[in-house]
Amino acid sequence: MNSQDTPVYLGTTLGDVQLYKTNHTVHEAKITQLFYFLKQEDDIVARYSSDLSYAVEKFLLSVYSSNLITISFAHYQSLQDGLDENADRFVPNFVVSFTSLSLYALIFSFCLRRAPAKGGLDFIRSKPWLAVAGLTTTLMSITSGFGFLMILGYNYNVINTIIPFLIIAIGIDDMFIMVACWEQTNANNGVIERMQATLAHAGVAITITNITDILSFAIGCITDLPGIQLFCLYACVSVAFCYVYQLTFFCGALAITGNAEHQRRHCVFLYRIAEDKYLPSTVEAKSEERSKSQRVYPENLKQYHRTCTKSNSLSDFSDIASNLSTSSSGSNILSPSKSCQSLPSVSLGVPTMPYAHTVQNTAHSEPSMIIKWIGEKFGPFLLRDSMRALATFVFLIYLSIALYGCVNFREGLNPGNLVTNDHYIARYFEDIKFFWKAGPQLHVAVLQPPNLIMKENRDALMAVVSSFENTPYTMGREGTVFFLLEYLNYLEQLNAEVEDTDRIWKTKLKSWLKYTGGSSQWDCDIRTNETTGEFTAYRFQIALQNIIEPNQHKLAAKTLREIADRQPFHIEIYYEAFPFADQYLIILPATIQNVGISLLCMTVVSILLVPSLPSGVIIFISIVSINIGVFGYMTLWGVNLDAVSMISIIMSIGFAVDLSAHIIYAFVTSHGDSKERVIGALEALGWPIFQGASSTILGISVLYTVDAYIILTFFKTIWLTMMIGAIHGLFFIPVLLSFIPIGFFRIPKSSELH
């Protein structure tokens with residue numbers, strides 16, 4: 001709206017406007033916006049301004065009510081308060097999550113008795129105090145990581161409250177791997193020998209997972225977004241402490257509990273348990289073992305006899321028979337030993353039992369029920385031709401849907417998603433979209449203004465104005481506020497000739513700027529040299545439109561900045577929502593950069609730590625497949641690509657390595673052909689992989705009840721990562737490995753650990 005020489009711009013004040021079609025004047029406006037500017041010059045005034053803001057907030061939320069007017073509002077501390085509220089909601093959820101994971105870990109720390117004992121809990125092999133030590137390790141890692149960085153003076157970011165959930169997931173996963181590898185050692189050996197065997201396998205496994213997690217977050221520190229930098233820094237240091245404590249504190253606790261097991265002490269109260277109260281007598285056990293051997297071996301020898309070729313000599317059968325005989329100590333004939341490894345015909349014929357378990361303990365006659373089920377039921381069932389065909393078909397469907405989601409991803413974080421949906425500022429961010437539809441002002445600063453006396457300079461300046469007015473995201477001349485346009489209108493109303501003289505462009509212009517009705521506005525828009533009176537800089541405003549969605553914000557900022565870069569006179573532009581647009585512009589290239597570098601580093605680490613180059617390539621393919629699935633299904637679940645989901649994607653890369661590298665490493669260090677190694681790998685680490693994934697899903701499930709976008713995005717991304725990763729580790733990868741001939745992997749003999 002304009003008078004003869006005074007512009008009144010209402011685009012930032014009135015929203016959802018309807019105009020009369022005849023004269024384009026305002027017919028109605030359904031929303032209006034009022035601004036109250038508070039002083040912030042010094043600390044005392046700033047404190048008073050802050051108190052006033054909170055007093056108004058309290059009044060509008062608790063006292064004011066109206067049947068006619070609906071109010072939404074925000075002050076300069078509202079967004080920070082909303083973010084702090086998110087952090088406050090994490091505390092009770094963390095307590096619930098940690099409690100549920102503690103119960104989960106304690107329940108699975110108890111073991112059932114193995115044969116020849118008859119059922120019940122095994123209070124010697126169970127390790128509840130070790131579970132407590134594992135949980136304590138995670139708390140120590142969080143405290144050490146956060147405390148160390150705070151001592152160094154690094155700021156704490158509200159989104160760092162996600163990190164404790166991450167550390168608990170990593171720590172408990174490592175704990176399950178370590179305990180599983182301990183259980184696979186020979187219980188007749190001493191604690192030192194068992195610790196050596198445990199770390200020979202589990203040490204490499206948890207090193208792969210922790211080093212890759214540390215690298216993932218270290219790479220995230222190079223991003224241009226400060227919030228992500230701080231998050232990745234805190235996460236990187238916390239995971240590093242977790243790794244150190246796993247190899248020191250937790251290994252020490254494992255040795256202590258292992259020593260208690262070796263001394264046959266009760267797992268809780270640590271008193272000695274007499275052997276006759278816990279197992280059948282030694283004589284009975286040996287008798288039962290001999291009778292079982294007498295029932296099994298003749299049939300087994302016939303099976304071996306049927307599978308031998310004509311070139312087999314009788315001496316070969318003598319060697320096989322001697323190798324299959326039981327020792328006087330009653331140790332299991334199928335336990336890993338040099339004699340068993342030297343049998344040439346075992347891999348060519350039918351096994352000596354329905355399935356010869358890879359994971360066994362010479363102190364017991366058979367593995368635990370779960371491992372036995374994996375070896376005898378799940379593994380062979382998974383490797384049936386029909387199941388492998390089904391797995392291939394399911395993977396193709398999975399990959400197709402994931403790629404569809406990747407192609408159709410959405411960018412941008414709506415400001416309202418930074419707080420919980422019931423926070424008052426969320427309503428304000430919804431209402432402000434009425435003004436983003438049409439009306440907000442782009443500020444264009446001319447930092448090297450031309451001499452307006454020269455017509456060519458005035459024309460060039462008006463060309464700059466026109467270039468900003470004619471875009472899909474600006475309203476045109478009707479929304480432009482510029483003193484030069486109003487001065488030209490003023491001269492036109494006076495029928496004055498626009499001359500290229502000092503009288504028009506210095507004397508008369510300065511007089512008009514001083515005495516016009518818009519003098520206060522022009523005084524804010526123009527800067528002059530106090531000595532010469534020349535213009536040193538000035539600005540004009542362009543009305544924006546169609547910037548409701550994050551992608552529109554991004555494209556508008558990109559388009560207008562490109563226009564500014566092409567103009568003379570050193571043009572700079574600004575709009576208060578540009579900080580969000582900057583995030584939208586950075587997020588995709590930053591994500592691609594971080595994911596690319598992370599994948600490269602993960603592959604290098606996997607190749608260095610897994611003793612087989614082709615296996616490292618398969619780990620790389622698995623990581624890519626898992627991350628394509630996470631990104632694609634994340635999009636289909638309603639998660640945009642923004643700073644929050646970028647953090648989660650960085651985390652998912654590390655978790656993807658955990659879930660794929662474990663099973664492939666176990667495959668490489670097993671024995672036999674491809675199918676036998678697949679079953680051996682599933683026996684060795686299939687159960688702890690399931691425990692680690694399920695415990696993480698259990699721990700974060702409580703977050704689904706929180707009505708906040710940041711928390712739900714974290715939940716969805718990590719849930720997808722663990723679910724897709726577990727399916728890869730326990731289903732897709734074993735099937736893939738079974739298709740590939742064992743010679744392809746070029747596995748050195750020295751790598752076969754179990």
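In this chain, residues are counted from 1 in sequence order. Since we're looking at a predicted model, the values are computed, not measured.
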(request) Taking the six-membered ring for Trp and the full ring for Phe, Tyr or His, determine whether the centres of Phe483 and Phe540 are under 6.0 Å apart. (result) no
(message) Could you check whether any side-chain N or O of Arg458 sits under 3.5 Å from a backbone N or O of Leu452, counting only pairs where one atom can act as donor and the other as acceptor?
(response) yes
(request) Side-chain contact test, heavy atoms from C-beta onward, threshold under 4.5 Å: evaluate it for Ser466 versus Arg477 and give yes or no. (result) yes
(request) Return the minimal non-hydrogen interatomic distance between Trp505 and Glu499, and the atom names on each side. (result) NE1-O, 2.8 Å
(request) Give a yes or no on whether the backbone of Asn594 and the side-chain of Ser598 come within a donor-acceptor separation of less than 3.5 Å. (result) yes
Residues 426-443, side-chain donor-acceptor partners within the protein, below 3.5 Å, at least two apart:
from, atom 1, to, atom 2, distance (Å)
Tyr428, OH, Gln33, OE1, 3.4
Asp431, OD2, Ser72, OG, 2.6
Trp436, NE1, Tyr575, OH, 3.0

(request) Quickly, which of Asn640, Asp642, Thr635 forms a side-chain hydrogen bond (donor to acceptor under 3.5 Å, both in side chains) with Arg410? Name it, please. (result) Asn640
(request) Report yes if some heavy atom in the side chain of Val464 is under 4.5 Å from a heavy atom in the side chain of Arg566; otherwise report no. (result) no
(request) Flag the pair His75 / Leu52 as yes when at least one side-chain heavy-atom distance between them is below 4.5 Å, and no otherwise. (result) no
(message) Can you confirm whether Leu149 sits close enough to Tyr156 that some side-chain heavy atom of one is under 4.5 Å from a side-chain heavy atom of the other?
(response) no
Using a 3.5 Å cut-off and no angle test, enumerate the donor-acceptor pairs between side-chain atoms of residues 552-560 and protein atoms at least two apart in sequence or in another chain.
from, atom 1, to, atom 2, distance (Å)
Gln552, OE1, Ile548, N, 2.9
Gln552, OE1, Glu549, N, 2.9
His553, NE2, Ile547, O, 2.8
Lys554, NZ, Glu411, OE2, 2.9
Lys554, NZ, Asn551, OD1, 3.4
Thr559, OG1, Leu555, O, 2.8

(request) For the residue pair Phe715 and Val639, establish whether any side-chain heavy-atom pair is separated by less than 4.5 Å. (result) no
(message) Quick check against the 3.5 Å criterion: does Ser238 have a side-chain atom that pairs as donor or acceptor with the backbone of Gly145?
(response) no
(message) Would Arg561 and Phe578 count as a cation-pi pair here, with the cationic atom under 6.0 angstrom from the ring centre and within 45° of the axis?
(response) yes
